[in-house]
Amino acid sequence: MAEFVSELKRTHTCGALRGGDVGATVVLMGWVDATRDLGQFRFVTLRDRFGVTQLRFDAHRDADLYADSGRARSEWVLAIQGEVVSRGENANRELATGEVEVLVTRLQVLNRSEVPKFPIRDEVDANEDLRLEYRFLDLRRRPIQSKIVLRAEITHIVRDFLHGEGFLDLETPVLTKSTPEGARDYLVPSRVHPGEFYALPQSPQLFKQLYMISGYDRYFQICRCFRDEDLRADRQPEFTQIDIEMSFIDRDDIYAVCDKLVARIMREVHGVELQLPLPRMSYDEAMARFGVDAPDLRYGLELSDVSDLVAGSSFSVFSDAVAAGGQVKAIVVPGGADLSRKQLDELTEVAKRYGAKGLAWAKGSAEGWTGPVAKFFDADAQRTINERLGAGADDAIVWVADRTPVVAAALGNVRKHLARSRGLIPAGVYKFTWVVDFPLLEFDADQNRWFAMHHPFTSPRNEDIPLLDTDPGAVKARAYDLVLNGHELGGGSIRIHDQDLQSKMFELLGIGAEEAELKFGFLLNALRHGAPPHGGLAFGLDRIVMLLSGAESLRDVIAFPKTASASCLMTRAPSPVDAGQLAELGIRTLKNE
RNA sequence: GGGGUGGUAGUUAAGUCGGUUAUAACGCCGGCCUGUCACGUCGGAGGCCGCGGGUUCGAGUCCCGUCCACCCCGCCA
């Protein structure tokens, strides 16, 4: 069709034309968004990533052209030349280009398209697996596109800001060494060394420390990381970190840089001015008040300890828990006297899912508490507890009694569930907080050993170093997370820069001197060659984009994501490879035997 | 590894207690239509009911297994 226009050059994007362009002759290129044929003329809306422009084909002006245009189908790729004309009173206010349309004089079909499996519309009800298989079509849809574009804008802000602050954008290897601890590694077989493997990095942690030791103060990288663990809506096997490391600094220096970075992103993306410095709270406080280490501060529903008030209670669930060294904590549900049995059952289910044996509850009333727990508490006891909690006659109280970590997990998640189900989460609010002073170690009862809570290179607080020998569980780390609306955006620590302390850490973690030398010899060696004090952190770029774009899944902010079973429905990866490839790598598989 | 939800025209869904020819909307194909913008309107085509077994005179429907997707627990320093 119409080879005479093949030399056409695009003059405008599909989002560019305005009333001021009336009279201009323009060339547009794009995808057929929709066609509307009215018999003697036809409207075609043409789309590219900049917008949509309405084209008009008029049978009275050019019958052949009109007939040609009738062959165009959804998602065909067209080039058109025409005159910009005003739409007058037919203007479409919904559309940026809606004041004008292009009266087409030349048409070239640049490409045809199969009928798309689902319509390229903002609202689409196609299943997600179909959309993932046809990801290249889904990415044409405006809501997805705007998230991918936002992602590009944020990475640009990050690079621009950090460059301005004197950071160097430095690369680290992707084929690297498998290390113990942490997540499962993705392994890459070596052809040259049969039977040996590289690992894809879970993070560039050790390399950025080595950069510091090499004197490359102020490093950053936007880099891909890989963890072979089971997935969630907010967890992908490969994800992107904004990785930062600095020398000759302490925690405050990290907070300061990150505060400014986050403030800049919020200002440029959402026009929100953050009050700096961002608030900080200790890990212990977060766990006590919210039950989780990444508290959502957009709503109240805080946890209160009533162990002392119920220790002597005749309600054995409470008194036994306290006697066993556990605790009893409560959440007041404002206006919760209207909670239905079904809603309370739901809350109980949540508490059980996180290890609690149940959820005790009472509803307020003018005559005192109602509900199964009420009979164990006389009017005085009820009043004392109500006063401690600030609970009134319209409210409900829910309790969990158990070991401290179970109480925290159960009530922390009951709190989240309550906030969602009772609509207590305000829209458009961004509550940041640093959570600091994480425990250095946590004890794994199953394996009867200590694990690093952050990673084995995290420095304890100086004042806690003596505790390493006497009470390792009490040692706090110089580690910190930045939390937004209940999601961990990033975390980091001041690192150990002393080889003796590092060796001691390995010892505590049950990594023998020989094993440490084998797995981390290069780091220990480097620490012996003039390591400066250093530290840093890593942000999860995907999560930042997810939270700032209002996406509910990480899949929406990653252009080509993987499913919950870590496969790519578009490429069908992972896939078998032929026997020759495996033989070359010295690999024989167990499956299908 | 465990639990939950789902899989029926191209797409999204309905399908009752197991019963005759499996419905609808959108999309697609064709006709008509001079101001549409999710155009309208008339007509048409379109089915391995995820897959494999079983029960039954008879299975989209019941049972067992399996695959895929989503959500959650464990896991993710």
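Numbered from 1 within each chain, the chains take letters A, B, ... in sequence-line order. Since the model is a prediction, treat every value here as computed from it, not as a measurement.
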Under the 3.5 Å rule, do the base of B:C76 and the side chain of A:Arg235 count as making a donor-acceptor pair?
-> yes

Which sits closer to the 5' end of RNA chain B, A:Ala126 or A:His60, going by the nucleotide each is nearest to?
-> A:Ala126

Considering every strand shown, what is the Watson-Crick or G-U wobble mate of B:G47 when both distances are under 3.5 Å?
-> none

If you find the nucleotide of RNA chain B closest to A:Tyr354 and the one closest to A:Pro456, which residue's nucleotide is nearer the 5' end?
-> A:Tyr354

For B:U41, the Watson-Crick or wobble counterpart (both distances under 3.5 Å) | B:G31

With both distances under 3.5 Å as the test, what is the Watson-Crick or G-U wobble partner of B:U36?
-> none

Correct closest heavy-atom pair for A:Tyr66 and A:Gly39 would be OH-O, 2.7 Å

Determine the contact category for A:Phe118: base if any of its heavy atoms lies under 4.0 Å from a base atom, sugar-phosphate if only primed atoms, P, OP1 or OP2 are that close, otherwise nothing.
-> nothing

Any side-chain N or O of A:Arg36 less than 4.0 Å from the OP1 or OP2 oxygen of B:U36?
-> no

With C1' as the reference atom in both, quote the distance from B:G2 to B:C62 in angstrom, rounded to an integer.
-> 26 Å

A:Leu38 has its side chain closest, among B:C72, B:G10, B:U34, to B:U34

Do A:Asp481 and A:Tyr283 have side-chain N/O donor and acceptor atoms under 3.5 Å apart?
-> no

Give A:Phe451 one of three labels, base, sugar-phosphate or nothing, depending on what nucleic acid heavy atoms sit under 4.0 Å from its own.
-> nothing

Would you call A:Leu501 and A:Leu468 a side-chain contact if the rule is heavy atoms closer than 4.5 Å?
-> yes

With heavy atoms under 4.0 Å as the rule, sort A:Leu130 into base, sugar-phosphate or nothing.
-> sugar-phosphate

Rounding to a whole Å, what distance do you find between A:Asn90:CG and B:U34:P?
-> 15 Å

Does a nitrogen or oxygen in the side chain of A:Ser74 sit under 4.0 Å from OP1 or OP2 of B:G27?
-> no

Please determine, for the side chain of A:Ala34, which listed nucleotide (B:U11, B:C39, B:G35) has the closest atom?
-> B:C39

Answer yes or no: is there a side-chain heavy-atom contact under 4.5 Å between A:Arg135 and A:Pro561?
-> yes

Checking all strands, does A:Glu114 fall into the base, sugar-phosphate, or nothing category for heavy-atom contacts under 4.0 angstrom?
-> nothing

Have a look at A:Pro119 and say if it touches a base, only the backbone sugar-phosphate, or nothing, with a 4.0 Å heavy-atom cut-off.
-> nothing

Separation between the C1' atoms of B:G47 and B:A9, rounded to whole Å = 5 Å

Within the pair A:Asn127 and B:U12, is there a side-chain N or O less than 4.0 Å away from OP1 or OP2?
-> yes

Could one point to a donor on the side chain of A:Glu101 or the base of B:G35 with an acceptor on the other under 3.5 Å away?
-> yes

Mind checking the C1' distance from B:C42 to B:G58? Whole angstroms is fine.
-> 40 Å

Pair assignment for B:G6, Watson-Crick or G-U wobble, requiring both distances under 3.5 Å = B:C68

Given B:C29, is OP1 or OP2 found less than 4.0 Å from the side-chain N or O atoms of A:Arg73?
-> yes

Classify the nucleic acid contact of A:Arg353 as base, sugar-phosphate or nothing, counting any heavy atom under 4.0 Å across all strands shown.
-> sugar-phosphate

Which whole number of Å gives the distance between the C1' atom of B:U8 and that of B:G4?
-> 22 Å

Could you work out the separation of B:U16 and B:C75 based on their C1' atoms and round it to a whole Å?
-> 43 Å

Name the nucleic acid region contacted by A:Glu128, choosing base, sugar-phosphate or nothing; use a 4.0 angstrom heavy-atom cut-off, strictly under.
-> sugar-phosphate

Base, sugar-phosphate, or nothing for A:Arg555, non-hydrogen atoms under 4.0 angstrom?
-> sugar-phosphate

Contact class for A:Ser567 (heavy atom, under 4.0 Å): base, sugar-phosphate, or nothing?
-> sugar-phosphate

Candidate list A:Arg131, A:Lys117, A:Arg121, test salt bridge (Lys or Arg N to Asp or Glu O under 4.0 Å), partner A:Asp138, passing option = A:Arg131

Return the minimal non-hydrogen interatomic distance between A:Asp437 and A:Lys476, and the atom names on each side.
-> O-CD, 3.4 Å

Mind checking A:Thr563 for me? I need base, sugar-phosphate or nothing, with any heavy atom below 4.0 Å counting as a touch.
-> sugar-phosphate

Side-chain-base donor-acceptor pair under 3.5 Å for A:Arg56 and B:U34 = no

Record whether the side chain of A:Asp230 comes under 3.5 Å of the base of B:C76 through a donor-acceptor pair of N or O atoms.
-> no

Side chain of A:Asp37, base of B:C33: donor and acceptor closer than 3.5 Å?
-> yes

Side chains of A:Ser421 and A:Glu346: do they bring a donor and an acceptor to under 3.5 Å?
-> no

Nearest to the side chain of A:Arg232 - B:G30, B:C37, B:C73?
-> B:C73

